[in-house]
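A short write-up of the structure that comes next.
A note on names: the letters A, B, ... follow the listed sequences, proteins ahead of strands, and every chain is numbered from 1. Not measured: the values here are computed from a predicted model. Hydrogens, waters and symmetry mates are skipped; everything else that's a heavy atom, side chains included, is used.
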Protein chains: 2
Amino acid sequence: MVGIFNKKDCNNCDECNIKSPIFSILNSKDSEFLNFDRYSVSYKPGELIYKQGSSYTHLINLTSGLVKLYLEGNQKELITRICKPFEIIGGSGVYIDNKHHNSAAAITEVNACFVDVKRFKEIIRKNALFAEEYIKIISERRLYSFERLGSVMQKQMPGIVAEAIIYLSEKIFDSARFDIQLSRQELANYCGITKEGLIRTMKEFKDEKLITLEGNILEILDGKTLHKISALG
Amino acid sequence: MVGIFNKKDCNNCDECNIKSPIFSILNSKDSEFLNFDRYSVSYKPGELIYKQGSSYTHLINLTSGLVKLYLEGNQKELITRICKPFEIIGGSGVYIDNKHHNSAAAITEVNACFVDVKRFKEIIRKNALFAEEYIKIISERRLYSFERLGSVMQKQMPGIVAEAIIYLSEKIFDSARFDIQLSRQELANYCGITKEGLIRTMKEFKDEKLITLEGNILEILDGKTLHKISALG
DNA sequence: GTCAAAATATGATTTAGATCAATAAAATTA
DNA sequence: TAATTTTATTGATCTAAATCATATTTTGAC
């Protein structure tokens, strides 16, 4: 339903692997083993990739587009992370219960590559450098969760929203001017506030000439002040 | 200042290693290598074990007592986890920057064992099972951070406090009746609310006969309702 | 054992942000 | 293109929880 094999974007795993921090360290033999039955799926904006609570057999390597990871609970959703190409997603429970502990949905058009968990685990056992790289990845994510827990709990709206804008600019789009692919509701869900609160706070930033916002195009005018607001909370 | 070598509690690493999920899988050779210059330190209640932002050379194996891990920021502190014996602490940045990303302090009398990071990393490279076990540990913690992010952001005071009481009862003290070693302020810091809010919410629970609370001794009378409050938020 | 300091408890007030309500603007569909 | 639905925006109101103020109890020092 949601996925088709997409030959155009994926005729050769090597092309992707080079760009992936973790897969790029594999030698050709391990790489071949891992990619033996790897397959590609494409998603349209908004489509669900996997659902919190469901079990899985594959890790997902995002090869193009943006994905949101989110926690569902009590009719609210909290976006925990925005993923961009060559991140591995869907493996948070891989050594615990093989269950997804969050949900994932496509923000833009997405192509993703499915890697068998058993093969992945086998390589982890055989290849210490690969294991180490994987440890690095999950450590980084843990620190990121940490930071977010700290921000979202201790800051108030202006601080959280400033942080989110900086995050999009610096970590996702790598530009002071960008199309915020997310809807207002989604951005609010990332901040852990309501859409009205988000809109009002962004309006303030606009009035104070910290940003411009026309439709979905956001530009940071005064990054310094924005950083200050984010840091002070 | 804070630490002395405590011979009474620690004359033989094997005794501790047996009880530790990760160190127990080491063979005697690796174990000997890892423990070569391992040393023990004891702390009094309230004493700082390490400080957020500082760098480190050792992982800490908690051998007795309770430790709080907390994030410091904007004159508030947020307790992210309570640790009990045979957990490894202080290694969240071990594969990133060798910096502590949180602070740790003793809640009770604490004995802790310091393991050299270099040796630890060497074993990770040599011993795939050890690496795998370490991956399990950090994965579990990541999922725990996840859960907490979800709760603390989406629930309101009664839900959060109920969850905290259940956590202490089921995960830390393993009993329906226990001495909550933490001060009210600390418990509030764990919940991400003010001490007044915590006290009022606990009073409500008391009035509704869900718990008894005399001084620091808390007893859960109606765990079922408490679970319901926690789940509904 | 007395006194000082700290921790706990409770009431009164304030406030940030949620909720509710109503347009306005986009995006989809027919 | 018009009609319909969805998304964005703005204003008015409400509320949970923070803050402030003040007792009360507990703890620790002398």
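Stacking of A/R148 on the aromatic ring of B/F146 is not recorded, the 6.0 Å distance cut-off and the 45° axial limit not both being met.
A/R184 and A/N216 form a side-chain donor-acceptor contact under 3.5 Å, judged by distance and modelled atom types alone. Of the N and O atoms on the side chains of B/Y43 and B/N111, not one donor lies less than 3.5 Å from an acceptor on the other residue. Side-chain polar atoms of B/E163 and B/H227 form no donor-acceptor pair below 3.5 angstrom.
To the nearest 0.5 Å, atoms CD (B/E72) and CG (B/L78) are separated by 11.0 Å.
Between the CD1 atom of B/I180 and the P atom of C/dA7 there is a distance of 14 Å, given to the nearest Å. Between the P atom of D/dA16 and the CD1 atom of B/I160 lies a distance of 14 Å, rounded to the nearest Å. Taking atom CG on B/N216 and atom C1' on D/dT26, their separation rounds to 11 Å, with Å as the unit. D/dA18 atom P lies 6 Å from atom CE of B/M157, rounded to whole Å. Atom CG in A/L182 sits about 14 Å away from atom C1' in D/dT7, given to the nearest Å. If you measure from atom CD of A/Q185 to atom P of D/dA8, you get 8 Å, rounded to the nearest angstrom. The separation between B/N189 atom CG and C/dA7 atom C1' is 14 Å, rounded to whole Å. At whole-Å resolution of the value, NZ in A/K206 and P in D/dA8 are 13 Å apart.
Counting atom types as modelled, A/R184 pairs no side-chain N or O with a base atom of D/dT10 as donor and acceptor under 3.5 Å.
In this structure, the nucleotide among D/dA8, C/dG17, D/dT19 sitting nearest to the side chain of A/S183 is D/dA8. Among the nucleotides D/dT10, D/dT9, D/dA16, the one closest to the side chain of A/K195 is D/dT9. Residue B/K203 places its side chain closer to C/dT10 than to any other of D/dT10, C/dT10, C/dA18. In the set D/dA17, C/dG11, D/dT10, D/dT10 carries the atom at the smallest distance from any side-chain atom of A/R200. Taking only side-chain atoms of B/I199, from C-beta outward, the nucleotide of D/dT9, C/dT8, D/dA18 with the closest atom is C/dT8. Of the candidates D/dA18, C/dG17, D/dT19, the closest approach to any side-chain atom of B/I193 belongs to D/dA18. Of the candidates D/dA17, C/dA18, C/dC20, C/dC20 carries the atom nearest the A/E196 side chain, counting heavy atoms from C-beta on.
Using a 4.0 Å cut-off, no side-chain N or O of A/T194 falls inside it from OP1 or OP2 of C/dG17.
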